[in-house]
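Just so it is clear: chains get the letters A, B, ... in the order the sequence lines come, proteins before strands, and each one is counted from 1.
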Amino acid sequence: MVPRECKLTNLSFRQRRGVFLYNSASQRQLARGGRTVEDRYPFSEVEARWQRKWSEANIYRVHTDPDRPKYYCLEMFPYPSGALHMGHLRVYTIGDVIARVKRRQGFNVLHPMGWDAFGLPAENAAMQHGTHPADWTEKNIANMKRQLLMLGTSYDWDREVTSCLPDYYHWTQWLFLHLYHRGLVARKKAEVNWCPQCQTVLANEQVEGGRCWRCDTAVVAKELEQWFFRITEYADRLLEDLQDLDWPERVKVMQENWIGRSEGAEIDFMLEKVGQPLRVFTTRPDTLFGATYMVLAPEHPLVPELATGGPYEEDVRRFIANMKNQSEEERTGAEKLGVPTGAYAVNPLNGERIPVWVANYVLMSYGTGAIMAVPAHDERDLEFARKYYLPVRVVISPPGAELKAEDLEEAYTGPGLMINSGQFNGLAWDEGKERVIEYAEQQGFGTRKINYRLRDWLVSRQRYWGAPIPIVYCSACGIVPVPEKDLPVTLPRDVHFEVGGPSPLTRSQEFIETTCPQCGEPARRETDTMDTFVCSSWYFLRYCSPHETEGPMAVADTSYWMPVDQYIGGIEHAILHLLYARFFMKVLYDSGLVPCPEPFASLLTQGMVVKGGAKMSKSKGNIVSPDEIIARYGADTARLFILFAAPPERDLEWSDRGVQGAYRFLNRLWRLANIIQGLEDSGQLPGEAEEGLQRARHRTIKKVTSDFTERYNFNTAISAVMELVNEMYGYLDQVTEKHKQTLTDILETVLLLLAPVTPHLAEEIWQRLGHKTSIHEQDWPTFNPEYVREEEVTVVIQVNGKIRDKLVAPVDLGAEQLQEMALASEKVRKHLAGKQLQKVITVPGKLVNVVVK
RNA sequence: GCCGGGAUGUCGGAACUGGUAGACGAAAUGGACUUAAAAUCCAUCGGGGAAUCUCUCCGUGCGGGUUCGAGUCCCGCUCCCGGCACCA
């Protein structure tokens, strides 16, 4: 510790023509920044000391307390990859500031941290380095926790959850069974996405442009029997409830698109040959008269039957064989290809016979796997029709134009009136849609239907490092869920890993061999584990009652804490995690285990940290390590820079210069505190200069409070505090008789406002000022509106909208006087000379605009 | 192609409800201090003119419009970033 009395008594910062007057050599050196002991703050000692003290005092511990208003502030928990990167630093700093401000505003703040600890990298590390995934994960967690502590974050570590530990995945398994018993788990044989690199299947959401989201390997289609969560049952609610969420518009839109609701109808076309109907889904029943052919997906069950015995039997067989080798992903984007089946269907509205084709552009997995093609009004159908010389018939006529089928260059998908449509002619398309559906329902050849793009969530993974799916296969009883009392199904530790090989669980006899919970006979365990997104779909609930042993959570706790008031994380989870978590929450809401159907009331998606315009990555060699920055400048500097450099939603360009600037500011504040403490009170009453400082103080409190709590614009909040510090320096520079009390008051305000951002330095100076309790337990400062209200303002005088003069006037000066003053201004009169006065616009307290001609 | 977001000094970014464009920081330049450098402190810092301590013109991606007044609102474009993309 540095002796407090060391500096600056009686220092007078008088500046005359660039000459400072000092009382002693050492003061002179200090004032111009020569390095003395107190010149730069000893951040590493200060930060370590306070981290220890806060941890000993357990000041961030919270409890369920229905008598107090709660606030749940949550950042997405990290995957323990080994070390924090700058993106982590950013998200955890943002969350920490919000939590700290809310706490000081009187809320009971839940701010927990944990680890999304299952996942493939641990298993890959096991194979590459011969470590066990559990050990590898544990080591990484220890390191990342150390980093989080060094960052000065305010988590309640008693609530730490680690998803790979049995006392957590016990409840992940419990939830699987809960869904199972609610009929929301299905075992289905389906064409699924297989990643050859990861040696496992993937959910639809985890395939990006045909590639694995994790390793970027092209996925291949495989027909497998797998476990699914029936998220599609919740499609409508997932869509509807988006409306009320305080989330970024683009995230909502992404989810909306992903769910992809489309309204239309299913229509039956009678197949001539087989005498049974072919059901299609269409969103355009109004174009039914324009259907000139039908298309089936290659996998459609009716295809073989339709082709058999016809002239194209061989062609169809070959076409289907070709398509079999292609995934949906490969087919989409490929050229449209098809063959006629030789069969015909009958249009239920006009009795017309139209040919039935098989083509690659119709997918079995959507709708009914069959469509009616209306080339005049559908882009894709037109492309196909032109290629294979199929007829085109216009049935919607756009206002003020006439379409000719022959020279139609692109399909007309806009609004218009129905034509060539028998009894529906003349109807507007939207009304026509309704009428056709009504008619179809009446006649019994169709029904109203809503389809979704969303597919069920495939949760099986053929990997070891995940929560085992709690299912047993019995030769007598079939599929049997593991009873609750037998949970958790523990992952065996002693297994053998093999590069590129199957999951070690499939060869662990110890794990596989069990007895049937129903009949007691020998049975076999499911060897697949759950998608790690299952673990992360409910962790925010576990934080509410992390030590609960009777269930995944206690209703008393979830009903107090949920929903999360502020959730913070990266945009990359816009669909994946955020959709799954919402689904889980709705299921649990229906079970009465949580008080609300949505988990995250408000979402903040922070931007990336980039350097040289590119995302930090090993391959680009532009990584800045958090450890290095903290060692060099301290956590407070890192936090300050990260918040100051850009608003949270935007990408943040890392700048070493900017970090130094943040560091410089903290030292500037440190020196200011030393200067103020070293002052002797002049003993005078506060005067005008002090009054000015007080106004600045209250203005700053107002600005910082709203920036921190309403807008989350930390950068402008910090710049406001910087301005206040600059004003204090200005005061020291200009005022001979310094008022120590005023300066101390204002310094304390600066500390109180900055404490969420730079918790260590703020605490250090705070306690050096003589306070005995932590700054982080002080009430958030409030401002006095009287002080915020300016008495005098600069009023801008414009002539024809151009600024010609400015004058200082009392804030409440009436419009008439302002006008008078404006017209009296010489500068203004210069611009009025020889012109005709038209009118004068006056905004009291702001401006006067004189309009002349 | 569709949907979303963006474009402001040399750079990161301010300007919250239409009312002083460029806060704050970085860089740069000049000065003070120093044997010197770093650090610190002070000053300047969008562009062009006057010939300079004041005034003037231009200026928020481009072109129009509304308004006394537009970075902000409206219409039409350009470019950049992100997401989705045979979903019938």
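The main-chain N or O of A:His377 is never found under 3.5 Å from a side-chain atom of A:Asp381 such that the two would form a donor-acceptor pair. Looking at A:Tyr388, its side chain does come within 3.5 Å of a backbone N or O of A:Gly338 through a donor-acceptor pair.
In this structure, A:Lys336 satisfies the cation-pi test against A:Tyr361, with its NZ or CZ atom closer than 6.0 Å to the six-membered ring centre and inside 45 degrees of the ring normal. Annotation: cation-pi pair A:Arg699/A:Phe783 absent, no NZ/CZ under 6.0 Å from the ring centroid and within 45° of its normal. Taking the ring axis of A:Trp670 as reference, the NZ or CZ atom of A:Arg40 does not stay both within 45° of it and closer than 6.0 Å to the ring centre.
The side chain of A:Phe644 sits closest to B:rG12 out of B:rG12, B:rA88, B:rU56. Distances were taken from every side-chain heavy atom of A:Met722 (C-beta onward) to each of B:rC24, B:rA39, B:rU40; the shortest belongs to B:rC24. Distance from the side chain of A:Arg650 is smallest to B:rG13 among B:rG13, B:rA88, B:rC86. Each of B:rA27, B:rC41, B:rC86 was ranked by its minimum atom distance to the side chain of A:Arg668; first place goes to B:rC41. With B:rA14, B:rG4, B:rA27 as the choices, the nucleotide that has an atom nearest any side-chain atom of A:Thr716 turns out to be B:rA14.
Regarding contacts with the backbone of B:rC84, every side-chain N or O of A:Arg453 stays at 4.0 angstrom or more from both OP1 and OP2. Phosphate contact (OP1/OP2 of B:rU10, side-chain N/O of A:Arg657, threshold under 4.0 Å): absent. A sub-4.0 Å separation between OP1 or OP2 of B:rC57 and a side-chain N or O of A:Arg804 is present. Neither OP1 nor OP2 of B:rA23 sits under 4.0 Å from any side-chain N or O of A:Arg699. The phosphate of B:rA14 has OP1 or OP2 within less than 4.0 Å of a side-chain N or O from A:Asn715. Contact annotation: A:Arg711 reaches the phosphate of B:rA15 (side-chain N/O to OP1 or OP2, under 4.0 Å). For A:Arg250, no side-chain nitrogen or oxygen approaches OP1 or OP2 of B:rG83 to under 4.0 Å.
A:Glu723 comes within 4.0 angstrom of the backbone, heavy atoms only, and of no base. Within 4.0 Å of A:Arg261, counting heavy atoms only, lies no atom of the nucleic acid at all. Backbone-only contact: A:Thr282 has heavy atoms under 4.0 Å from sugar-phosphate atoms and none from a base. As judged by a 4.0 angstrom heavy-atom cut-off over every strand, A:Lys252 is placed among residues making no nucleic acid contact. Within the nucleic acid shown, A:Gly661 comes within 4.0 Å of sugar-phosphate atoms alone, with no base atom in reach, counting heavy atoms only. Within the nucleic acid shown, A:Asp707 has no heavy atom closer than 4.0 Å to any nucleic acid atom. Using a 4.0 Å heavy-atom distance criterion, A:Ser706 is classed as making no nucleic acid contact. Residue contacts for A:Lys802: at a heavy-atom cut-off of 4.0 Å it reaches the sugar-phosphate backbone alone, with no base atom in range. Among the heavy atoms of the strands lying under 4.0 Å from A:Asn726 are primed sugar atoms or P, OP1, OP2 only; no base atom is included. Note on A:Pro248: nothing from the nucleic acid sits closer than 4.0 angstrom, heavy atoms only.
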| field | Test log, rule side chain to side chain donor-acceptor pair (under 3.5 Å), inputs A:Thr292 and A:Arg393 | value | CA-CA 7 Å; A:Thr292 52; A:Arg393 186 187 307 136; over 6 Å; no
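Atom NE2 in A:His377 sits roughly 23 Å away from atom P in B:rC86 (whole-Å rounding). Nucleotide B:rC2 holds its P atom 18 Å from the CD atom of A:Glu256, rounded to whole Å. Rounding to whole angstrom units, NZ of residue A:Lys387 and P of B:rC86 are separated by 17 Å.
On the P atoms, B:rC24 is 15 Å away from B:rC41, given to the nearest whole Å. For the P atoms, the distance linking B:rG63 with B:rG9 amounts to 15 Å, nearest Å.
Ring orientation note: the planes of A:Tyr366 and A:Phe281 are nearly perpendicular, at an angle over 60° on the 30°/60° scale.
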Pairs under 3.5 angstrom, nitrogen or oxygen only, protein versus nucleotides 66-68 of chain B, please.
unit_1, atom_1, unit_2, atom_2, d
B:rC68, OP1, A:Lys839, NZ, 3.4
B:rC68, O2', A:Asn849, ND2, 3.2
B:rC68, O2, A:Asn849, ND2, 2.5

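For B:rU8, the glycosidic angle deviates from 0 by more than 90°, giving an anti base.
The heavy-atom pair separating A:Asn713 from A:Pro647 by the smallest distance is OD1-CB, 4.4 Å.
Listed by chain and number, the residues in a side chain to side chain donor-acceptor pair (under 3.5 Å) with A:Arg448 are A:Glu434 (sequence neighbours excluded).
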